[in-house]
Amino acid sequence: MKKKLVAVIYGGRSSEHEVSIESAKTVLDLAEKAGFRALGVLIGRDGRWTAADPRLGSKGPPLIFDPADGSLLRGRSRLKPDCYFPIIHGTTGEDGVLQGLLEMAGAAYAGCGVESSAIGMDKILSKKLAAERGVPVLPHVLIEAAEKGSLERGLRKAATLPLPLFVKPVSLGSSVGVTKVKSRAALGPAVRKALRFDTAVMIERGVDRAREIVVGVLGEGASAASSVCGEVKPKGRHEFFDYEAKYLDDDGMDFILPAALPAAVAAALRDRAAAAFRALGCSGMARVDFLLDPRDPRRFWFCEINTAPGFTSHSLYPRLWNETGVSPERVVARLVKIGEARRSARARLSIARK
Ligand SMILES: Nc1ncnc2c1ncn2[C@@H]1O[C@H](COP(=O)(O)OP(=O)(O)O)[C@@H](O)[C@H]1O
Ligand SMILES: [Mg+2]
């Protein structure tokens with residue numbers, strides 16, 4: 001039987017271009033291990049698509065994506081991937097934009113669809129939907145740059161929230177623009193700083209010295225399953241998971257797998273992670289992050305959902321599944337299968353008027 005062709009789309013025009021290259025190396029290896037032919041499709045910083053293999057550092061011929069059927073034109077030849085595997089973090093890759101392009105072409109692709117990717121990027125919308133399904137969330141105040149008087153009103157309202165507070169851009173990642181606020185005087189400057197990065201900013205009740213628990217979710221709809229819980233611990237002088245602890249400090253964090261938690265708490269977290277995944281209508285994969293009261297692990301809150309979690313060899317998502325007994329290549333095989341099944345289900349929907 002001819003091997004299926006999986007096209008791993010990586011790179012992209014976001015600030016997370018380099019992380020994506022690392023993830024793509026791993027996913028290409030895993031796709032081959034899982035029995036597929038794997039093709040690397042690099043989206044350059046200039047937006048152009050090229051056939052490339054990040055493992056060899058080699059760049060091949062330009063590719064042109066045909067929106068009519070999702071095939072790739074390479075010179076005079078035409079390739080038709082059975083499934084795409086987008087592994088681009090951040091804007092245009094993780095927010096539903098790339099997914100929309102693939103959707104237009106009727107192509108099968110791994111991971112979340114347009115709506116769930118877009119909602120997952122928005123911390124307030126995802127909190128709202130998760131809360132509707134009984135996932136605990138922290139109270140927050142929203143400030144929108146375009147609304148007149150929003151900043152003053154927001155700062156006044158935030159006076160009812162106890163310190164510490166966390167100020168965060170609503171649709172960003174990597175802790176860019178995030179500040180832990182420990183005094184009322186520091187709130188205004190923190191909000192103004194966050195407004196440099198996003199047009200909407202949230203002031204959220206902080207969990208002081210929170211424990212951070214991550215759960216992987218894999219599957220589709222009611223059959224979505226949760227991995228064991230992992231705990232990430234920012235190390236040393238990092239008081240929370242700031243940008244530096246994540247990317248600049250080689251020794252910025254510890255990952256404890258599985259997290260040391262009472263069995264009932266771990267079960268509740270896994271259950272709530274799957275509930276959040278379903279609430280957003282996610283498909284394939286997502287990583288759900290929680291904050292825990294350091295004094296009482298039974299008190300926990302949803303922090304955010306990541307629909308394009310890192311996929312490097314040391315990334316949390318594949319390690320969570322490995323610990324749960326699902327090897328990384330099986331995760332990739334499952335994601336491809338789910339993507340293909342979703343495309344077939346969509347193709348069966350009637351487009352007739354009657
Ligand atoms: N309400 C909160 N209480 C305590 N810590 C928080 C809170 N919100 C965010 N943090 C800390 O800030 C980090 C980044 O916030 P997060 O919401 O995950 O945004 P990002 O998308 O940038 O990762 C978290 O990993 C955590 O360390
Ligand atoms: Mg985060």
Side-chain angles (χ1 to χ4, degrees), residues 111-112 116 119-140 161-162 164-166 168 173 202 204-234 240-241 253-310 315-326 331 334-335 338:
C112 286
S116 53
I119 297 168
M121 276 300 277
D122 185 312
K123 290 200 165 69
I124 291 188
L125 264 180
S126 26
K127 268 172 82 169
K128 247 187 203 150
L129 292 180
E132 261 179 27
R133 302 282 179 97
V135 181
V137 297
L138 292 157
H140 69 253
L161 297 174
L165 298 166
F166 270 80
K168 329 195 251 193
M202 65 203 277
E204 186 168 60
R205 200 186 92 204
V207 181
D208 203 15
R209 302 267 163 191
R211 289 178 70 186
E212 299 194 42
I213 305 294
V214 295
V215 181
V217 185
L218 175 63
E220 172 92 338
S223 65
S226 295
S227 74
V228 297
C229 300
E231 177 165 7
V232 287
K233 274 197 179 156
F240 72 97
F241 232 145
M253 70 163 220
D254 281 321
F255 187 39
I256 300 143
L257 195 57
L261 290 168
V265 171
L269 283 162
R270 293 173 75 167
D271 177 68
R272 296 296 80 198
F277 184 91
R278 287 195 297 269
L280 270 72
C282 291
S283 173
M285 67 173 155
R287 197 191 72 225
V288 184
D289 300 351
F290 293 96
L291 298 163
L292 260 72
D293 182 334
R295 287 166 302 273
D296 181 358
R298 289 169 303 179
R299 287 161 50 82
F300 63 77
W301 300 270
F302 170 89
C303 178
E304 62 156 343
I305 189 162
N306 253 294
T307 56
S315 286
L316 308 179
Y317 187 80
R319 285 174 67 188
L320 285 164
W321 279 108
N322 202 42
E323 183 70 21
T324 313
V326 186
V331 172
R334 276 289 304 283
L335 290 170
I338 294 167

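All residue numbers refer to positions in the sequence shown, counting from 1.
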Student: Leu257 and Cys229: which non-hydrogen atoms are nearest, and at how many Å?
Tutor: CD1-O, 4.1 Å
Student: So does Asp293 pair up with Arg299, basic N to acidic O under 4.0 Å?
Tutor: yes
Student: How many angstroms lie between CG in Asn322 and OH in Tyr317, if you round to the nearest 0.5 Å?
Tutor: 12.5 Å
Student: Could you tell me the separation between the CD atom of Glu231 and the CG atom of Leu261, rounded to the nearest 0.5 Å?
Tutor: 6.5 Å
Student: Under the side chain to side chain contact (heavy atoms under 4.5 Å, CB included) test against Ile305, which residue among Leu280, Val217, Val135, Asp289 passes?
Tutor: Leu280
Student: Say you draw a straight line from CD of Glu304 to CD1 of Ile124; how long is it, rounded to the nearest 0.5 Å?
Tutor: 13.0 Å
Student: Taking atom CG of Leu320 and atom CG of Leu218, what is their separation to the nearest 0.5 Å?
Tutor: 11.5 Å
Student: Do you know which two heavy atoms are closest between Ser283 and Ser116, and how far apart they sit?
Tutor: N-OG, 4.5 Å
Student: Would Arg272 and Phe290 count as a side-chain contact (heavy atoms from CB on, under 4.5 Å) here? Give the steps.
Tutor: CA-CA 10 Å; Arg272 296 296 80 198; Phe290 293 96; 4.1 Å; yes
Student: Looking only at heavy atoms, which two atoms of Pro258 and Glu323 are closest? And how far apart?
Tutor: CD-OE2, 3.4 Å
Student: Indicate yes or no: at least one non-hydrogen side-chain atom of Arg270 is less than 4.5 angstrom from one of Thr324.
Tutor: yes
Student: Does the side chain of Lys127 come within less than 4.5 Å of His140's, by heavy atoms?
Tutor: yes
Student: Are the charged groups of Lys233 and Glu212 less than 4.0 angstrom apart, N to O?
Tutor: no
Student: Do you know which two heavy atoms are closest between Glu220 and Cys282, and how far apart they sit?
Tutor: OE1-O, 4.2 Å
Student: Which is it for Phe300 and Ile213 under the side-chain contact (heavy atoms from CB on, under 4.5 Å) test, yes or no, and what are the steps along the way?
Tutor: CA-CA 9 Å; Phe300 63 77; Ile213 305 294; over 6 Å; no
Student: First locate atom CG of Leu292, then atom CZ of Arg211, and finally report the distance between them rounded to the nearest 0.5 Å.
Tutor: 6.0 Å
Student: At their closest point, which heavy atom of Met285 faces which heavy atom of Cys112, and how far apart are they?
Tutor: O-SG, 3.4 Å
Student: Within a strict 4.5 Å, meaning less than it, do heavy atoms of the Leu316 and Met253 side chains meet?
Tutor: yes
Student: State, with a plain yes or no, whether a side-chain heavy atom of Pro318 is found less than 4.5 Å away from one of Val331.
Tutor: no
Student: Hey, does the side chain of Asp122 reach the backbone of Leu125 with a donor-acceptor pair shorter than 3.5 angstrom?
Tutor: yes
Student: Let me confirm one number: the CD-CG distance from Glu204 to Leu138, rounded to the nearest 0.5 Å.
Tutor: 5.0 Å
Student: Check step by step if side-chain contact (heavy atoms from CB on, under 4.5 Å) holds for Phe302 and Ser126.
Tutor: CA-CA 9 Å; Phe302 170 89; Ser126 26; 4.3 Å; yes
Student: Take Val214 and Phe255 through the side-chain contact (heavy atoms from CB on, under 4.5 Å) test and state the conclusion after the steps.
Tutor: CA-CA 10 Å; Val214 295; Phe255 187 39; 3.9 Å; yes
Student: Of all heavy-atom pairs between Ala224 and Arg278, which one has the smallest distance, and what is that distance?
Tutor: O-NH1, 4.5 Å
Student: Has Arg334 got its NZ or CZ under 6.0 Å from the middle of the six-membered ring of Trp321, at an angle within 45 degrees of the ring axis?
Tutor: no
